[in-house]
2 protein chains.
Amino acid sequence: MTTETARDAEPARLGRKRDHSRDQDILDAALDVLAEVGYNTMTVDMVATRAKAGKATLYRRWSSKAELVVDAIACMKRPLPQERDGTYVPPDTGTLRGDLVAMVKPKAVTDSNRHLKIMIGVASMMSQEPQLFEALTAIMVKPRVESYRVVMQRAIDRCEIRPDIDVELLSSLGPAMAMYRAMYEQQAPSRESIIHLIDTVILPAVGLSAPLENADE
Amino acid sequence: MTTETARDAEPARLGRKRDHSRDQDILDAALDVLAEVGYNTMTVDMVATRAKAGKATLYRRWSSKAELVVDAIACMKRPLPQERDGTYVPPDTGTLRGDLVAMVKPKAVTDSNRHLKIMIGVASMMSQEPQLFEALTAIMVKPRVESYRVVMQRAIDRCEIRPDIDVELLSSLGPAMAMYRAMYEQQAPSRESIIHLIDTVILPAVGLSAPLENADE
DNA sequence: TGGTTTCGGAACTGTCGAGTCTCGTATATG
DNA sequence: CATATACGAGACTCGACAGTTCCGAAACCA
C-alpha cells in the first residue's frame, strides 16, 4: 500500500545504475508484510510481489531473508518531525503536562501502531537474532522512552517536579501500555488513551494533578 | 526438564488403557519448548523427544501442531494457590498496599516469567489464530488483571481509596510492565521491581503514598 | 544504434518440517 | 501363556519456502 500511487507515477526506473530509492521501496514492502503477517508467515515472494520486484532482485541486495528484515527495520524512516541523535525532542511548552500531551501527535500515534504491529510480528525472533533485537529497540523503543525522559528531566530542571522521581520507570510506562494494548486488547492505542494515562498515572506519580477539565491539545 | 526425575522414577506406563497423566507430560513438554524457542521454531519432533514419546503418539491425541499448542495453553496448570473462577483471590491484609504486595509471591513471579516467555513465543500467531489468542488471554492475562481488580475494589469498598479511580487501567499496569521488561530488557521482572512499581506508580495514582521505609513482605 | 547492465518473471534445487505409516516391544488382561 | 493394545522409534511422503539460475525486456550510454 504505502506509496503505491506515487511509485506507479514514476517512470519505470531501470537500466544501468542501481537505483537507491528502489531499495527503500523494497524495504517498505517488507515492513508492510511484516506488520500484516509477522516474520515467520512472511515469505520473500510476498515482499517481492508487493514491491513489484523479482525475487532475484532482493537477493542481489540482501543475502538472506533475515538480513532483509533487519535492514528494513534499521533503515526505517523516523516518523517524528524533529529529532536529534535519533530521539524526538518535543517542544518546551512550559509545563510537564503540556510537553507530554504535545508528544502525542496523531501522526506519532499512527506510526507507533505500525511499529507495534511489526514488533509483535518479530517478537519470537528477538531472542534468537540479537541483531534484530538491537535494531528493533534502537529504532522503535529507545527513541520513544528517551522522549519521555527528556521531557521529565526538563520538568526536574525547572523545579516543577521532585528530582528524585524514577524517570527510568515512568518513561517506560507509555510504551509498555501501548504494547500491552496492542497485544491483548488487539486495538490500536488511541491518542485519548495515552493522554488518559498521562493524567491518571504519570502526573500523580510525580506529584502533580491533572487539570479538572482537560482542554487536551 | 520439569518433572524429569519424577517421571523416570515411575514404572514405564504402557499397555492397555490410555494413560491420562501421559497427556499432561506431553503438554508440559510442549510448553517448555514453546517458552524456549517460540511457536514457529518449535517442531513436533522436539516436543516428542523432550517428552520421550513417539511423534505418532502425539498425533494419536492431537490432530495438529496448532491444536497441541492451544490445548497445552488451555490446560495449563494454574500456578497460584488459591483461586476462584480461575482468578487468584489474594488474602485481605487490611490495606491496599498489603494486598498488592501479598500478590507478589516469589512463586507467582517465577510462573509469571514462564508465561511471559510463552506469550512472546506465540505473539505473532495470536492475530492469525483466534483460538490461541483466547486461550492465552484467558489463562495468562485475565486472571492476573482480575487479581489486581479485586484488590482495588476491596480498597474502594473499605473506603481506603476514592471510588472513581480507573480500576481497569491501574489493574493492567503491572502485567503491562512485566511484558515490556520481558520483551525489551530481556530480563525477568523481579519481585522487587513489581513492588517498586506499586509504590511509585500505582499507590500515588490512587492517592496513597508508599511507606517511607518499606519492610516489604 | 548497438552494447551493456540491471531488471522482473519464472523455472529450478535443496532443505526442512508436518503429518503418516510400519514395526518390534512392552504391558496389561484373561 | 496367549492375545490385544498402546507404545517409542524411525522411515517415509509431500508441500512449502529459502535461495539460485536463466532469459527476454527495457533502459541507459557511447
Side-chain angles (χ1 to χ4, degrees), chain A residues 4 7-30 33-34 36-72 121-122 124-125 128-129 132, chain B residues 4 7-8 10-27 29-30 33-34 36-72 121-122 124-125 128-129 132:
Chain A
E4 198 68 26
R7 203 161 56 225
D8 289 349
E10 299 172 8
R13 197 83 71 102
L14 298 171
R16 187 120 208 282
K17 288 254 137 96
R18 175 161 292 175
D19 185 349
H20 196 67
S21 82
R22 194 82 184 88
D23 283 24
Q24 196 53 56
D25 290 344
I26 294 169
L27 294 175
D28 281 343
V33 177
L34 215 50
E36 281 173 25
V37 302
Y39 180 84
N40 296 278
T41 307
M42 155 182 159
T43 68
V44 177
D45 276 309
M46 283 185 202
V47 177
T49 303
R50 158 118 31 171
K52 298 198 210 317
K55 201 162 46 151
T57 303
L58 302 206
Y59 280 100
R60 248 171 246 131
R61 301 168 189 229
W62 296 277
S63 66
S64 71
K65 171 182 170 181
E67 211 169 272
L68 168 67
V69 168
V70 170
D71 208 39
V122 301
S124 64
M125 299 298 300
Q128 295 163 55
E129 297 260 356
L132 191 59
Chain B
E4 199 68 27
R7 204 161 54 225
D8 288 349
E10 298 172 9
R13 197 82 73 100
L14 298 171
R16 188 124 209 281
K17 288 252 135 99
R18 173 162 293 174
D19 185 349
H20 194 68
S21 82
R22 196 81 184 87
D23 282 25
Q24 195 55 54
D25 289 343
I26 295 169
L27 293 176
V33 177
L34 215 49
E36 281 173 25
V37 302
Y39 181 85
N40 297 278
T41 306
M42 154 182 160
T43 69
V44 176
D45 276 308
M46 285 185 201
V47 178
T49 303
R50 157 119 27 173
K52 299 199 210 314
K55 201 161 48 150
T57 302
L58 303 206
Y59 280 100
R60 248 173 246 131
R61 300 167 189 230
W62 297 276
S63 66
S64 71
K65 171 182 171 181
E67 213 171 88
L68 168 67
V69 169
V70 170
D71 209 39
V122 300
S124 64
M125 299 299 299
Q128 295 163 55
E129 297 260 357
L132 191 59

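Letters A, B, ... are given to chains in the order of the sequence lines, protein chains preceding strands, and every chain is numbered from 1. For the numbers below, each heavy atom of this structure counts, side chains included, while hydrogens, waters and symmetry mates do not.
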Which whole-number value in Å describes the distance from B:Ile26 CD1 to D:dG8 C1'? 11 Å
In whole angstroms, how far is the P atom of C:dA28 from the CZ atom of B:Arg22? 15 Å
Here the distance between atom P of D:dA26 and atom NZ of A:Lys52, to the nearest Å, is 17 Å
I want to check something: taking the side chain as every heavy atom from C-beta on, are A:Leu68 and A:Lys65 in contact at a cut-off of under 4.5 Å? no
Please write out the pairs of protein N or O atoms and N or O atoms of nucleotides 12-15 of chain D separated by less than 3.5 Å, giving the distance to one decimal.
none

Here the distance between atom P of C:dT15 and atom NZ of A:Lys65, to the nearest Å, is 19 Å
Take A:Tyr59 and A:Val44, measure what side-chain contact (heavy atoms from CB on, under 4.5 Å) needs, and give me the verdict at the end. CA-CA 9 Å; A:Tyr59 280 100; A:Val44 177; 3.5 Å; yes
Reckon B:Ser63 touches a base, only the sugar-phosphate, or nothing at all at heavy-atom distances under 4.0 Å? nothing
Does a nitrogen or oxygen in the side chain of A:Thr57 sit under 4.0 Å from OP1 or OP2 of C:dG8? yes
What is the separation between atom CG on B:Leu68 and atom C1' on C:dG19, rounded to the nearest whole Å? 13 Å
Tell me, do A:Tyr39 and B:Asn40 make a side-chain contact under 4.5 Å, heavy atoms counted? no
Whole-Å distance separating the CG atom of A:Asn40 from the P atom of D:dC17: 11 Å
Quick one: is A:Arg60 getting a side-chain N or O under 4.0 Å of the C:dT5 phosphate, OP1 or OP2? no
Closest to side chain of B:Tyr59, choosing from C:dG19, D:dT21, D:dA18: C:dG19
Looking at A:Arg50, does any N or O in its side chain come under 4.0 Å of the phosphate oxygens OP1/OP2 on C:dG8? no
Rounded distance in Å - CG (B:Leu58) to P (D:dG10): 15 Å
Report the residues that fulfil salt bridge (Lys or Arg N to Asp or Glu O under 4.0 Å) with B:Glu36, sequence neighbours left out, ordered by chain and then residue number. B:Arg50
At 4.0 Å (heavy atoms only), tell me whether A:Met46 reaches a base, stays on the sugar-phosphate, or touches nothing. nothing
Between CG on residue A:Leu34 and CG on residue A:Leu27, distance to nearest 0.5 Å: 11.5 Å
When B:Gly54 and A:Ala66 are each assigned the nearest nucleotide of DNA chain D, the 5'-most assignment goes to B:Gly54
State which residues pass side-chain contact (heavy atoms from CB on, under 4.5 Å) with B:Ser63; sequence neighbours excluded, sorted by chain then number. B:Glu67
Pick the nucleotide of DNA chain D nearest each of A:Ala56 and A:Val44; which residue has the one closer to the 5' end? A:Val44
Heavy-atom side-chain proximity of A:Val69 to A:Met42 below 4.5 angstrom: yes
